[in-house]
Amino acid sequence: MNPSGQVAIVTGGGSGLGEATARALAARGARVAILDVGLARAEEVAAELDGVAIKCDVSSAENAGAAVAEAAKRFGQPRILVNCAGIAIALKTVGKEGPHPLDMFRKVIEVNLIGTFNMIRLVAARAGELEPLAGGERGVIVNTASVAAFDGQIGQAAYSASKGGVVGMTLPVARELARSGIRVMTIAPGIFETPMMSSLTPEVQASLGKMVPFPPRLGRPAEFAALVRAIVENPMLNGETIRLDGAIRMAPK
């Protein structure tokens with residue numbers, strides 16, 4: 001699909017991978033709605049891209065539904081969805097403070113997995129009603145998982161479970177939406193330069209980067225965004241998860 005003139009929704013678009021994706025799609029002519037819980041930064045990005053920023057809790061059926069409706073009201077029905085919203089915690093199943101708090105495990109699943117599915121169902125319902133483009137395509141959905149879905153480290157039980165769920169639903173959802181001409185893909189990034197990483201010292205970041213076989217550095221958000229753009233524009237990419245990780249395989253800790 002050519003993004004030019006199409007409406008794109010990017011969750012978590014106010015920073016990190018989502019911001020880079022919003023910028024890349026806007027550069028290709030898409031009208032971008034940035035959905036984020038942090039509205040202030042999202043508004044700054046949207047203003048630069050001539051887009052719109054909408055506050056959204058992806059894990060809420062009502063809130064996300066209202067946000068998608070607002071995006072459609074402002075720009076028209078969306079054909080492109082990129083799910084970048086997510087949270088991460090690091091807690092052992094049984095740690096020094098006792099068992100993993102169940103509410104924290106549930107929260108990660110609600111945002112990362114249920115939130116991703118929530119956005120998929122809402123946008124797919126709208127995209128499926130649009131007139132097909134050349135080749136019968138009506139929409140493209142790109143999800144964000146993580147290499148933790150495959151190489152989960154100690155303390156990542158909740159995070160790995162949430163991202164593993166995103167990987168697991170990619171193919172069945174792609175198969176279901178195929179009849180509507182909607183493609184579904186997932187990217188599993190490795191260690192990237194994100195706001196979470198920016199809290200670490202340059203020395204620690206460099207050390208983490210050296211763990212990557214090649215290139216021996218942290219991934220750049222623009223590289224994630226470039227893959228999103230390639231997925232949107234290549235109609236044969238469907239139902240698959242692509243690791244974007246420089247060939248890293250995470251150690252236990």
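Worth knowing before you read on, the calculation uses all heavy atoms, side chains too, and leaves out hydrogens, waters and symmetry mates.
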For residues [X] and [Y]: do they belong to one hydrophobic cluster (side chain heavy atoms under 4.5 Å, members Ile, Leu, Val, Met, Phe, Trp, Tyr)?
| X | Y | result |
| --- | --- | --- |
| L17 | V10 | yes |
| F224 | V147 | no |
| L91 | Y159 | no |
| V167 | M169 | no |
| V7 | V142 | no |

Please report the closest heavy-atom contact between [X] and [Y], naming both atoms and the distance.
| X | Y | result |
| --- | --- | --- |
| I34 | A42 | CG2-CB, 3.8 Å |
| T144 | V166 | O-CG1, 4.2 Å |
| G128 | S180 | CA-CB, 4.4 Å |
| D36 | G13 | OD2-N, 3.5 Å |
| A124 | I141 | CB-CD1, 4.3 Å |

Not counting sequence neighbours, which residues clear side chain to side chain donor-acceptor pair (under 3.5 Å) with R175? List them please.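 With neighbours one apart ignored, the set is empty.
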Quick check: do V82 and L25 have side-chain heavy atoms less than 4.5 Å from each other?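 They are in side-chain contact.
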Should F117 and L122 count as side-chain neighbours, where that means a heavy-atom distance under 4.5 Å?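 They are not in side-chain contact.
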Kindly state each residue pair satisfying salt bridge (charged side-chain N to carboxylate O under 4.0 Å, His left out) with at least one member in [range], sequence neighbours excluded.
| range | answer |
| --- | --- |
| residues 204-223 | R217-E223 |
| residues 83-101 | none |
| residues 148-171 | D151-R243 |

Are R138 and E131 close enough, and set up right, to give a salt bridge (Lys or Arg N to Asp or Glu O under 4.0 Å), and what steps lead you there? CA-CA 7 Å; R138 287 189 173 88; E131 288 297 315; 5.9 Å; no
Please enumerate all residues that pass side-chain contact (heavy atoms from CB on, under 4.5 Å) together with [X], with sequence neighbours excluded.
| X | value |
| --- | --- |
| A20 | P221, A225 |
| E176 | none |
| E48 | R23 |

Hey, can you pull the donor-acceptor pairs under 3.5 Å for the side chains in residues 99-113, sequence neighbours left out?
residue: N112; atom: OD1; partner: I87; partner atom: N; Å: 2.8
residue: N112; atom: ND2; partner: I87; partner atom: O; Å: 2.8
residue: N112; atom: ND2; partner: S162; partner atom: OG; Å: 3.1

Just list the side-chain donor-acceptor pairs under 3.5 Å for residues 63-77, sequence neighbours left out, or say none.
residue: N63; atom: OD1; partner: D57; partner atom: N; Å: 2.5
residue: Q77; atom: OE1; partner: R126; partner atom: NH1; Å: 3.0

Rounded to the nearest 0.5 Å, how far apart are [atom1] of [X] and [atom2] of [Y]?
| X | Y | atom1 | atom2 | value |
| --- | --- | --- | --- | --- |
| R31 | S4 | CZ | OG | 9.5 Å |
| L177 | R121 | CG | CZ | 13.0 Å |
| Q6 | L130 | CD | CG | 8.5 Å |
| C56 | I54 | SG | CD1 | 8.0 Å |

Salt-bridge present (E233, R28; N to O < 4.0 Å):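 Between R28 and E233 there is a salt bridge, with a charged N closer than 4.0 Å to a carboxylate O.
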Whether the side chain of [X] engages the backbone of [Y] through a donor-acceptor N/O pair (distance < 3.5 Å, no angle test) should be reported.
| X | Y | answer |
| --- | --- | --- |
| R79 | A8 | no |
| S146 | A148 | yes |
| Q153 | A251 | yes |
| N118 | S60 | yes |

Give every donor-acceptor pair under 3.5 Å between a side-chain atom in residues 183-192 and any protein atom, sequence neighbours left out.
residue: R183; atom: NE; partner: E137; partner atom: OE2; Å: 2.6
residue: R183; atom: NH1; partner: I231; partner atom: O; Å: 2.9
residue: R183; atom: NH1; partner: N234; partner atom: O; Å: 3.0
residue: R183; atom: NH1; partner: L237; partner atom: O; Å: 2.7
residue: R183; atom: NH2; partner: E137; partner atom: OE2; Å: 2.9
residue: R183; atom: NH2; partner: I231; partner atom: O; Å: 3.0
residue: R183; atom: NH2; partner: V232; partner atom: O; Å: 2.8
residue: T186; atom: OG1; partner: N143; partner atom: ND2; Å: 3.4
residue: T186; atom: OG1; partner: T170; partner atom: OG1; Å: 2.6

Working note: L227 + I242, criterion side chain to side chain contact (heavy atoms under 4.5 Å, CB included); need CA distance, chi angles, decisive distance, verdict. CA-CA 9 Å; L227 180 54; I242 300 174; 4.0 Å; yes
Apply the hydrophobic cluster definition, ILVMFWY joined by side-chain contacts under 4.5 Å directly or through others, and give me every member besides V37.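 Under the 4.5 Å side-chain rule, V37 groups with nothing.
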If hydrophobic residues (ILVMFWY) are linked whenever their side-chain heavy atoms come closer than 4.5 Å, directly or via other members, who joins L171 in its cluster?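 Reading the cluster by chain and number, L171 sits alone, since nothing else belongs.
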Going through the checks in order, is the side chain to side chain contact (heavy atoms under 4.5 Å, CB included) test met by V123 and I9? CA-CA 9 Å; V123 173; I9 290 178; 4.1 Å; yes
Mind running side chain to side chain contact (heavy atoms under 4.5 Å, CB included) on I120 and V173 for me, showing each step along the way? CA-CA 9 Å; I120 290 173; V173 175; 3.9 Å; yes
